[in-house]
Amino acid sequence: MKTELRRLSEYEPVTNAVLKLVAKKTFFHTDIPLDQVMSENPRLIVAFNHASPLSWIPAPCLLTAQLAARGGGSRRPIAVMDRFFYSLPGLKDVARFITQSDRPLRFEELVRHFEELGTADLVVFPEGSNCFFGDPSGLQPFRSDRFVEISMRTKTPILLCVHRGSEGWGVNLPLTENLTNKISELPLPSVVHKFIGNRLKESGGLTVPLPPRPMAQFSMYTRLFQPQIPSDKEVSSIDWRDQVANEAKRVHEEMRSMLDYLDSLIASSSSESRI
């Protein structure tokens with residue numbers, strides 16, 4: 001693990017260049033001013049929706065630009081990426097650059113690392129590989145809810161970030177039940193079967209990533225979310241995993257409603273621009 005972490009200002013030249021390449025214009029809306037969010041929360045967990053498999057590229061770029069413009073250039077981001085990224089020579093360096101870790105951390109290691117850093121922001125895409133199954137414009141089930149557990153254990157609020165514009169970077173191919181059964185029965189490597197899991201059968205489709213092309217507009221909406229954290233007395237009388245699952249369900253519902261609201265903001269903005 002890196003001891004000296006890069007700051008947002010060090011990522012900004014790269015993220016700004018990427019954003020200019022992929023989005024002709026951007027739209028950003030937040031419930032609470034970001035400068036207030038940052039001043040009141042020296043550390044955050046930042047959770048993005050995924051959309052298409054490659055939509056993880058523009059989302060942090062736009063948020064980085066917004067945070068840096070409001071005095072957040074000194075904040076230190078760390079991120080969680082699937083172990084798969086560390087297994088391929090071409091992607092390993094990308095994973096190290098983004099996560100600021102030379103290897104994937106196990107859960108308890110990540111919790112300790114996040115607590116010890118004190119002022120770093122943890123970036124996650126909780127849908128994970130589920131973005132390969134289902135409509136890119138929808139919100140897929142969380143691959144893991146453990147980011148909510150980290151939030152609850154470290155008493156760190158979650159900055160929810162939803163976005164629109166990059167859904168066209170993936171196409172969902174509906175598959176028949178017969179075909180999904182045949183795929184599940186293929187003698188594929190165990191890592192592939194683990195990746196697919198039950199999602200192929202549940203979703204009935206596979207989302208294939210397409211080459212990124214410039215978007216007319218990339219839009220984002222953020223909202224601060226504070227999970228309900230049980231008191232020390234309550235912890236002994238409840239099922240902790242049930243509590244985490246309940247809070248993760250609230251996060252999922254919140255992000256879904258945020259996407260609906262962002263759609264309405266985009267529609268309203270488009271109507272005003274035509275007047």
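FYI, side chains are in, hydrogens and waters are out, and symmetry mates aren't considered; it's all heavy atoms of this structure.
When all heavy atoms of A79 and I98 are compared, the closest pair comes out as CB-O, 3.7 Å. Of all heavy-atom pairs between T207 and P53, the closest is CG2-CD, 3.7 Å. What you find for F142 and A248 is that their closest heavy atoms are CE1-O, 3.6 Å. When all heavy atoms of L210 and G168 are compared, the closest pair comes out as CD1-O, 3.6 Å. Contact record, L44 with D121: N-OD1, 2.8 Å, taken as the closest heavy-atom pair. Across all non-hydrogen atoms, the minimal contact from Q226 to P157 is OE1-CB, 3.5 Å.
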Would you please test T154 and T156 for side chain to side chain donor-acceptor pair (under 3.5 Å) and show each step?
CA-CA 5 Å; T154 63; T156 305; 2.8 Å; yes

Going through the checks in order, is the side chain to side chain donor-acceptor pair (under 3.5 Å) test met by S166 and S55?
CA-CA 6 Å; S166 60; S55 294; 2.6 Å; yes

If you apply the rule side-chain contact (heavy atoms from CB on, under 4.5 Å), what do you find for L62 with L19, and how did you get there?
CA-CA 7 Å; L62 179 53; L19 194 59; 4.0 Å; yes

Working note: V124 + V46, criterion side-chain contact (heavy atoms from CB on, under 4.5 Å); need CA distance, chi angles, decisive distance, verdict.
CA-CA 6 Å; V124 298; V46 181; over 6 Å; no

Working for side-chain contact (heavy atoms from CB on, under 4.5 Å), residues F48 and V123:
CA-CA 8 Å; F48 293 96; V123 180; 3.6 Å; yes

Does the salt bridge (charged side-chain N to carboxylate O under 4.0 Å, His left out) test come out yes or no for K92 and D102, once each step is laid out?
CA-CA 9 Å; K92 185 182 296 185; D102 57 6; over 6 Å; no

Residue pair K25, M215: steps toward the side-chain contact (heavy atoms from CB on, under 4.5 Å) verdict:
CA-CA 8 Å; K25 66 176 182 177; M215 296 170 275; over 6 Å; no

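Under a 4.0 Å N-O distance rule, the pair R223/E254 qualifies as a salt bridge. A salt bridge is absent between R76 and E4: the closest approach of a Lys/Arg side-chain nitrogen to an acidic carboxylate oxygen does not fall below 4.0 angstrom. The pair E108-R153 counts as a salt bridge, with a side-chain nitrogen and a carboxylate oxygen less than 4.0 angstrom apart.
The shortest side-chain heavy-atom distance between L8 and P77 falls under the 4.5 Å cut-off. Between S101 and I78, every side-chain heavy-atom pair lies at or beyond the 4.5 Å cut-off. In this structure, the side chains of Q140 and F133 stay at 4.5 Å or more apart for every pair of heavy atoms. No side-chain heavy atom of D145 sits less than 4.5 Å from a side-chain heavy atom of P126. Side-chain contact between I150 and I45 is present, with at least one heavy-atom pair separated by less than 4.5 Å. Side-chain contact check for L160 versus L224: every heavy-atom pair is 4.5 Å or farther apart. Proximity of L21 to P214: side-chain heavy atoms (C-beta onward) are nowhere separated by under 4.5 Å. C161 is listed as a side-chain neighbour of L159, based on a closest heavy-atom distance under 4.5 Å.
Between the side chain of R70 and the main chain of Q66, a donor-acceptor pair closer than 3.5 Å is present. A distance-only check finds a donor-acceptor pair linking the side chain of D135 to the backbone of S137 [under 3.5 Å]. For W169 (side chain) and R213 (main-chain N/O), a donor-acceptor pair under 3.5 Å exists by modelled atom type.
The structure places CG of L63 at 7.0 Å from OG1 of T222, a figure rounded to the nearest 0.5 Å. Rounding to the nearest 0.5 Å places CD of Q100 at 8.0 Å from NE2 of H113. Rounded to the nearest 0.5 Å, atoms OG1 (T64) and OH (Y11) are 9.0 Å apart. Here the CZ atom belonging to R112 is positioned 15.0 Å from the CZ atom belonging to F114, to the nearest 0.5 angstrom. The SG atom of C61 sits 9.0 Å away from the CE atom of M220 when rounded to the nearest 0.5 Å. Here CD of E149 is found 12.5 Å from CD of E247. Values are rounded to the nearest 0.5 Å.
For the pair R103 and Y86, the NZ or CZ position fails the cation-pi test of under 6.0 Å to the six-membered ring centre and within 45 degrees of the ring normal.
Under the 30°/60° scheme for interplanar angles, the aromatic rings of H50 and F125 are found to be tilted. In this pair, F85 and W56 present their aromatic rings perpendicular. The plane angle is above 60°, beyond the 30 to 60° band.
L54 and V18 fall within the same hydrophobic cluster, defined by Ile, Leu, Val, Met, Phe, Trp and Tyr side-chain heavy atoms under 4.5 Å apart, directly or through other members.
For R83, the salt bridge (charged side-chain N to carboxylate O under 4.0 Å, His left out) test picks out no residue, with sequence neighbours left out. With sequence neighbours excluded, the residues satisfying side chain to side chain donor-acceptor pair (under 3.5 Å) with S219 are Q217.
When each of H252, R256, H163, E127 is paired with N49, the side chain to side chain donor-acceptor pair (under 3.5 Å) condition holds for H163 and for no other.
Side-chain contact check for D31 and Y221: at least one donor-acceptor pair (N or O, by modelled atom type) lies under 3.5 Å. Between R7 and S74, the side chains place no donor N or O within less than 3.5 Å of an acceptor N or O (distance only, hydrogens not considered).
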Only distances under 3.5 Å count here; give the side-chain donor-acceptor pairs of residues 258-267 to other protein atoms, sequence neighbours excluded, each with its distance to 0.1 Å.
from, atom 1, to, atom 2, distance (Å)
D263, OD1, R164, NE, 2.8
D263, OD2, R164, NH2, 3.1
S264, OG, Y261, O, 2.5

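R106 CZ: 12 or fewer foreign heavy atoms inside a 6.0 Å radius.
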